[in-house]
Number of protein chains: 2
Amino acid sequence: MSAKTDKMVTVPKAVINRLPMYHRFLYQLLLEGKEKISSQELSQLMRITSSQLRQDLSYFGEFGQQGYGYRVETLYQAISGILGLEKQYTAVIVGAGNIGRAIVNYPGFSRRGLKITGIFDNNPKNIGSQVGNLTVMDVEHLADFLKKYPVQIGIVSTPVQAAQKVAYILMKSGVRGIWNFAPIMLEKNGDVVVEDIHLGDSLLTLFYRLNEKEGKN
Amino acid sequence: MSAKTDKMVTVPKAVINRLPMYHRFLYQLLLEGKEKISSQELSQLMRITSSQLRQDLSYFGEFGQQGYGYRVETLYQAISGILGLEKQYTAVIVGAGNIGRAIVNYPGFSRRGLKITGIFDNNPKNIGSQVGNLTVMDVEHLADFLKKYPVQIGIVSTPVQAAQKVAYILMKSGVRGIWNFAPIMLEKNGDVVVEDIHLGDSLLTLFYRLNEKEGKN
DNA sequence: TAATATTCGTGATAAAATTCACTTATAGAA
DNA sequence: TTCTATAAGTGAATTTTATCACGAATATTA
């Protein structure tokens, strides 16, 4: 067992943000049938340093073997465990636009344990339509639905104007996490976890980087 | 003019990643008709420290006035300029699934200067269908299209298996930036800028944080 | 079996990012 | 006009993150 975990060192945020990347690469290696890999080789694939990889893993335990490396299967399972992927996570989506539909239809999410139990919208055009094997419900019924069928996660893919209101309903209905796609910093009530994904911010970062490169010519 | 920019200090990555957030908040304040704001007040809205805000801005110049604060309009324009938002950016989208459609239909992107000139797919079901005011073209014609109508940015919203191949076509056709939604680290050729947006990674981070919180009870 | 090459895990060091705390400028009040 | 409060900008200190470099364990070869 790792000394660091014993000492209750808190895991740096930067490390947590890299865990999904480790998971993604190891999954790929597993598909390719690779059995073992060294920190050296794995880190080159990921374009990070091998010491960063080893240091990161050391926050959670010892997963490799000196002189040999890591068994891909073992490390993949370990990181899956750290991320909590053995569990199922139930969720509803609010906002049945393209983003909401993309989430329902992307198989990668259900593979990782996300189970979507309902999708809601306020637009009469969308209500009643099929998304995957779900029927879009009226957002008016969101609170009632969650009372009957509680979920852990609320996914907000509404336009920005609706997002905060929806988030309050979700939080009041007991969701423990919100996956937010709207370009707004949501106010919390209670100790809900909010994970933002701001497409617009990412685009602007791309713009900046394009100009930065230009400036260097 | 700022001493830091004179000294050619390179702007830290962490600062660059916050610029879009500053832009987003200032845009909101502008809509609300707010005229001036102090670093204190703005930083509280953003849940950062005021010294971080001031320090960040100092990499680019001096935008405020002691004893007064910042004029919202001025600071908004300044950050828009830093991000390069006065320009137009042309782009094609490859992958006419829900993500691709979401990008075409989201008005916020065109407001920021993104002009999408074509959308491509390899699925006969999608080819020929309308997305916004674009008609989905066969990805077979992507290279030809780009030869006639070059663009600066390629948006990759294909399934993961197709992403690298598509990226090579885009890079060969002279795009300077790629906005990548596929869960893969794209190999570059040449000095293209790749900006990734990995929805799956964000979801796994949410899972981790949910369990982390649980562990503390 | 002994010798050699790998390679992990980690304490120490370096670099990067954040916060502190102070100086200076100026707005607004008296 | 003078005084006081406010608030930007910034060098220095602190904290966080990343890298280095080495000891210890194990695999592999001779």
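In the text below, chain A, chain B and the rest are named by the order of the sequence lines, each starting its count at 1.
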ask   = C:dT24 phosphate, OP1 or OP2: any side-chain N/O from B:Gln66 under 4.0 angstrom?
value = no

ask   = CG of B:Leu206 to CZ of A:Arg176: how many Å apart, nearest 0.5 Å?
value = 9.5 Å

query = Would one find a side-chain N or O of A:Tyr70 under 4.0 angstrom from OP1 or OP2 of C:dG9?
reply = yes

Value in whole Å for how far the P atom of D:dA18 lies from NZ of A:Lys13 = 13 Å

ask   = In whole Å, what is the span from the CG atom of B:Asp56 to the C1' atom of C:dT18?
value = 9 Å

Whole angstrom value for the distance that separates P of C:dA16 from CD of A:Gln52 = 13 Å

key: Centroid-centroid distance, A:Phe109 to A:Trp179, less than 6.0 Å   = yes

remark   = In whole angstroms, the gap separating P of D:dT15 from CD1 of B:Ile48 amounts to 20 Å

task = Verify, without hydrogens or angle tests, whether A:Arg209 (side chain) and B:Val194 (backbone) share a donor-acceptor contact under 3.5 angstrom.
result = yes

task = Return the value, rounded to whole Å, for the distance between atom CZ of B:Phe63 and atom P of D:dT10.
result = 11 Å

task = Describe, in one word, how the ring planes of A:Tyr27 and A:Tyr76 are oriented to each other, choosing from parallel (under 30°), tilted (30 to 60°) and perpendicular (over 60°).
result = tilted

Any B:Arg18 side-chain N or O less than 4.0 Å from OP1/OP2 of C:dT18 = yes

ask   = Expressed in angstrom and rounded to an integer, what is the separation of A:Gln40 atom CD from C:dC8 atom C1'?
value = 12 Å

note = Taking C:dG9, C:dA17, D:dT10 as options, the one with an atom nearest any side-chain atom of B:Arg54 is D:dT10

query = So what does A:Ser51 touch, heavy atoms closer than 4.0 Å: a base, only the sugar-phosphate, or nothing?
reply = base

ask   = Which residue, A:Pro12 or B:Ser50, contacts DNA chain D at a nucleotide closer to its 5' end, judged by nearest heavy atom?
value = B:Ser50

message = Among D:dA8, C:dC8, D:dA18, which nucleotide has an atom closest to any side-chain atom of A:Ala14?
response = D:dA18

ask   = Should A:Ser39 be listed as having a side-chain N or O under 4.0 Å from OP1 or OP2 of C:dC8?
value = yes

request  = Please confirm whether any donor atom in the side chain of A:Gln55 sits under 3.5 Å from an acceptor in the base of D:dT19, or the reverse.
outcome  = yes

SB check A:Lys36 A:Glu41 (cutoff 4.0 Å) = no

request  = Starting from P on C:dT6, measure out to NZ on A:Lys36 and report it in whole angstrom.
outcome  = 11 Å

ask   = How many Å lie between CD on B:Gln65 and P on D:dA8, as a whole number?
value = 10 Å

